[in-house]
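All residue numbers refer to positions in the sequence shown, counting from 1. For clarity, every value in this text was computed on a predicted model and none was experimentally measured.
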Amino acid sequence: MELRHAKLHFSRSAFMAIPLFQLFSLTAFVALIESVLLFRGKFMFLCEIGSIGDWELFGSDGLLHLVRVLVIIAVSIVGAESANSRSLLATSSSSGYASSFSVGVGKKVLLKWTSPGKIHAGEYCSMYDICGKRSDGRVLNCPYGSPSVKWFLSGIASLAADMYADFGLSQFTSQLQNCHAPPDELLSSKIQSLCPTISGNVCCTEFQFETLRSQVQQAVPILVSCPACLRNFLNLFCELSCSPNQSQFINVTSVSKVNNNLTVGGIDYYITDAFGEELYNSCKDVKFGTMNTRAMDFVGAGAKNFKEWFAFIGREAEPGVPGSPYAINFRSSMPESSGMKPMNVSAYSCGDTSLGCSCGDCPSSPTCSGSAPPSPHKKHSCTIKMGSLKVKCIEFSLAILYGIVVLLFFGWSLFHKRKRLPASRMKPLLNVTEGSEVHSFNKQKSESQPIQIQGEAPRAMQGLQLSLVQGYISSFYRRYGTWVARNPTRVLCSSLAIVLLLCLGLIRFKVETRPEKLWVGHGSKAGAEKRFFDSHLAPFYRIEQLILATIPDTKNGKVPSIVTEENIQLLFEIQKKVDGIRANYSGKMVSLTDICLKPLGKDCATQSVLQYFKMDPDNFDSYGGVDHAVYCFQASAFVVTYPVNNKNDETGNENAAAVAWEKAFIQLIKGEVVPMVQSRNLTLSFSSENSIQEELKRESTADVVTILVLLGFSGVVVVMLSVLGSVGFFSAIALAVLLDFLLQVTAFVALIVFDFLRAEDHRVDCFPCIKIPVSSSESDKGNGRGEPGLLTRYMKVTNVTLHMLDTSLIDEIRISVSYLRFTTILKAVAEVHAPILDLWVVKLAVVAVFIAFAFASIALCTRIEPGLEQKVVLPRDSYLQGYFNNVSEHLRIGPPLYFVVKNYNYSSKSRNTNQLCSISKCDSNSLLNEIAKASLSPESSYIAKPAASWLDDFLVWMSPEAFGCCRKFTNGSYCPPDDQYSGNICLHLIKDLHMKVNPDQNAHFSFVRSKILVQRPPQSLPPPCCSPDEGVCDLGGVCKDCTTCFRHSDLQDDRPTTEQFREKLPWFLNSLPSADCAKGGHGAYTTSVDLNGYESGIIQASEFRTFHTPLNKQSDFVSSMRAARDFSSRVSASLEIDVFPYAMFYIFFEQYLDIWRTALINLAIALGAVFIVCLVITCSLWSSAIILVVLTMIVVDLMGVMAILNIQLNAVSVVNLVMSIGIAVEFCVHITHAFTVSSGDRGQRAKEALSTMGASVFSGITLTKLVGVIVLRFAKSEVFVVYYFQMYLALVLIGFLHGLVFLPVILSLFGPPSRYKLTEKQEGQASSSSSQLH
């Protein structure tokens, strides 16, 4: 057997009863080895001489070793003679490759050699000491079985092993001899503090224990908030590394050779399922606030059970990757013949009272089970299931109500028809009965006979009983119209002059494109909360983002992986171009490093997969290349985010440098990067913080020319002038309605007068300077003395005299008819439309259909979602369209959510600390515990993760358990964690030991120092904790005068006093996170606490960060905001602490929280205003009520169309709905007025109203608005197409159908009585009146 495969152990007994040549040969062999090693100046050997117990360090003197050999021989001979014992030389072999031999006397073992073995027994080790290191510096255990020991070799053995290798004696690294000595009380206490289940002998050297301590130290800050989880976790690794019964549950299954040394390559670790289950259950809900996640996501890769967690822990990590340096196969069962038994130390439940965890870390704890908060209110629609059909309760109720209404209406109509049938047969077909008078219209008049209109204009209303207001308005506008007709030039010029004067205000007109100014009201609660957050903490950083994605395969629809070497190299190229951007701002060139967010003060916090390679392409191969990236994740897109510093921008210039860089960034991506990406068959979407504002600015001018030109061609110049004038003077579009009305009654009337004069002078309408000569006969015809005009022929066709109509209505008919000349349409209205509507069957069908549509629209209204899609607001060709699509497709996390606490009292007298925190001994209903509970039901709370808590991390950072975090020197100053210093081993101690061994070889020390620090490049190391020339250091280079800040006795119930809190909070916020202390607050919580005035014991503002769940729809944003506010209100009331939620999108979506309430209130006000105006003018409650009902149906039907077209409810659509009431009035009022001033029964008056006003409504209102609406279809912006073209087109069609179909039917059935009254005076003046119209 080769000696390098062996390990020598010397017993405490003397060598007795061994033949001299055997004893000499063995002892001399050992001494020879030692002499050679010491001669080379590299071996330091500590041994116990006899039973004296004194330590001695031997030098390199060969004579000294010869004397030592002789002394041992002499002692052995004397002992042999007195003991008269027998010698024993035995060899043994165990299963597999294990073999050993031992030399001893009786039961006393003198010398034992053991090969790598599988001896499984109590007080026996399966692996002991360190025999090598991996390429990344991770140490590897020796695969040698040996009895558990009582003493630790301190870490020098591992150093000696390195030295052996340097001198070509690596085969002797296994020969480190353990001489028994009294236990080191300090080291024993260290083991007991970390591994309380281990006492007595151990299976680890001191260096092994320090390695274990340094490794688990990284997990302590993560798990310390739940003591039960931390204790179970530590027990798992303590038993693995140091348990004296290690061989009973550890089986070395493979070995590997490192520098000619055998090291452990893989083990089986037998653990009971009960321990594994309890370990997992105690840790599965523990929070890791710094990363806004569960600790299990960090230490267990999101394992769902203990087996998955063990599989992750036991995976052999690649060099440079965190994890086990060798494979650990966790098993729960073993062969019965093996003699092994699984590890089964006591496991603690997270609900254990002695090691109790907070409710946030242990929701299943008995103390927390009854404190679960009610789930945030979530609306559940009531549904009724009928077989396989499931309908909403409101739809079912409306269907029943509709059936009842239709049945009642049909019953009433049948009864009413039978009642009126005998009386109607006795009346002449075309006679109209009004009171006791009967009027018969002459049907024998020739077509050349003039139209007869009662009296002159002032006396034409004598047969009508108008209200006082209506009469006054009629009289006023008659006189006003006469004055305008006499002074058209003056009116037109003055109107244009006023408009042009108002347009001068356009010089100072600016388009507002800032979203927060466009969509946030002055009294917005969210706006006030944003101002508080920005002023006390910090504005949320600006976001510049790239999304590089693959294109789905058209054949199978699968999306290829983006993780290829070519794509990663492409990402490096893009990053290089982005780093090279230089934007000119005020003569200064601005780069990304000048404006980027640097939470740790040095490097930009770029969120990219390239961070794994430290943003350096030279590290790609050395860090595992694409293979390691594929191992870590599979994805279809790379998302790269560049956080940029943001400032409170009240003047608009604070972020000017960032805006300049963002413009250059967008220009670079559009011009260079996108073509480069597309050539690789990939897609790239991108956005900057300023993108939406710039695209809104581009959109504001994109459709102006199109709309104005088309409106101009449509003849709506007056409307255009009114808009420009109102914008110039008032900077408010809404006031254009008032100015439009004024221009309609001034400039437009003047233009009509000029057009009338042009027509009488026989001038061409498009070329008024050209006059057409006409004969006298044509002139007579043109003046009405020849062939009747279009209006006359229309009236003859309708067989309706106009003697009962207001002259103003006649003028309106003439204007509209002469303007559009729709002869065919007018005849159709008279000959087809009105007679069809007069049929009873048609009336019943019309009422049934329109009521059904109204009821269906009510049901559809419940499906209208609040919100305004960003893609709709932006131009169709905007690069942001693709970006928003990719965001919803590829991002799996929602927007950040902050819970802001005002006036937190951290003094010892206040309970606020325990009311907010979520670690051990915090209140079960604390804010952070409630957030953690809410994150367990994300579908209703919209909270994705527990909150990142600066308070929890601060309390953990201060706790004595986190021994690597809050530390101080003896002078009270701050002491950073160990790994933020250069030395892992105290250099002066090593130098001292080395010089004792080799006093003449001081030159070797520099070599030793470089060997020790090989795992860290010198340029990356800060100054050491203590220099070799001063002070003393512990093992690992930690200065002895650097201790934890507090002991448990220094705290008050594990909480800091007011003075301690005040002193250490700045330390925490300035502490850099590292492997030794992941709880450092710098970077993660730098802006989470407002330290202004905190010395008083009150922190004015602090925030706890979490995330919403992914929000893909507008309704998700609204619901998440409502849930967060409900949650904060409930917690604030419970804790009596002022807490409010804040997210960036809240200021834009706050309006949608009560958008339905706002819409209904505004619609009710508009409908009420119309009703009151109609009531005041007409003094007819009946007419006003019918108009109100029809307008309500129009609005409801329009909302039903919105639901069908998926048009959302927002400020734009609410304005459109309110405006639709004003537009819909025109479809109703004219018909209703004509009906009230007509004579006859309801059916005759309805037909007469259609005949006189139907054409005007259709041509003057429906068609003109239809032309204006169609223009919007050609707009480049989607918002114009959706919210103006679609909505207004629906309004025109619905208004037309209600005004010319439904309203006449309703009037014929339920119309108000007529206001027309015939008198004898009117009959006597008929002939004289008619002569005036020839």
Measure the shortest side-chain to side-chain distance between Val1301 and Phe850 over non-hydrogen atoms and say whether it is less than 4.5 angstrom.
-> yes
Can you check whether Thr1236 reaches Thr1178 side chain to side chain, under 4.5 Å on heavy atoms?
-> no
Do the non-hydrogen side-chain atoms of Phe409 and Lys843 ever get within less than 4.5 Å of each other?
-> no
Is the closest side-chain donor-acceptor distance between Thr482 and Arg478 under 3.5 Å?
-> no
More than 12 heavy atoms from other groups under 6.0 Å of CD1 on Ile400 | yes
Test item: Leu1191 and Cys1228 side chains (from C-beta on) under 4.5 Å apart, heavy atoms | yes
Side-chain donor-acceptor contacts of residues 1284-1299 below 3.5 Å, not counting sequence neighbours, with atom names and distances?
residue	atom	partner	partner atom	Å
Tyr1288	OH	Asn1216	OD1	3.3
His1298	ND1	Ile1294	O	2.9
His1298	NE2	Asp1197	OD2	3.0

Within a reach of under 6.0 Å around OH of Tyr472, are more than 12 heavy atoms found that belong to other residues, nucleotides or ligands?
-> no
Which pairs would a plain distance check flag for residues 749-756, meaning a side-chain donor or acceptor within less than 3.5 Å of a matching protein atom at least two apart in sequence or in another chain?
residue	atom	partner	partner atom	Å
Asp755	OD1	Arg758	NE	3.1
Asp755	OD1	Arg758	NH2	3.2

For the residue pair Tyr477 and Tyr480, categorise the inter-ring angle as parallel (less than 30°), tilted (30 to 60°) or perpendicular (more than 60°).
-> perpendicular
Can Ile1231 and Phe1235 be said to form a side chain to side chain contact (heavy atoms under 4.5 Å, CB included), step by step?
-> CA-CA 6 Å; Ile1231 298 294; Phe1235 179 83; 5.5 Å; no
pair Met1199-Leu1217: side-chain heavy atoms closer than 4.5 Å | yes
Beyond-backbone contact of Leu1300 with Phe1227, side-chain heavy atoms, under 4.5 angstrom = no
Side-chain contact, heavy-atom cut-off 4.5 Å: Ile1187 with Val1225?
-> no
Using atom types as modelled, flag every donor-acceptor pair under 3.5 Å from a side chain in residues 1157-1169 to any protein atom, sequence neighbours excluded.
residue	atom	partner	partner atom	Å
Thr1158	OG1	Asp1154	O	3.0
Asn1162	ND2	Thr1158	O	2.6

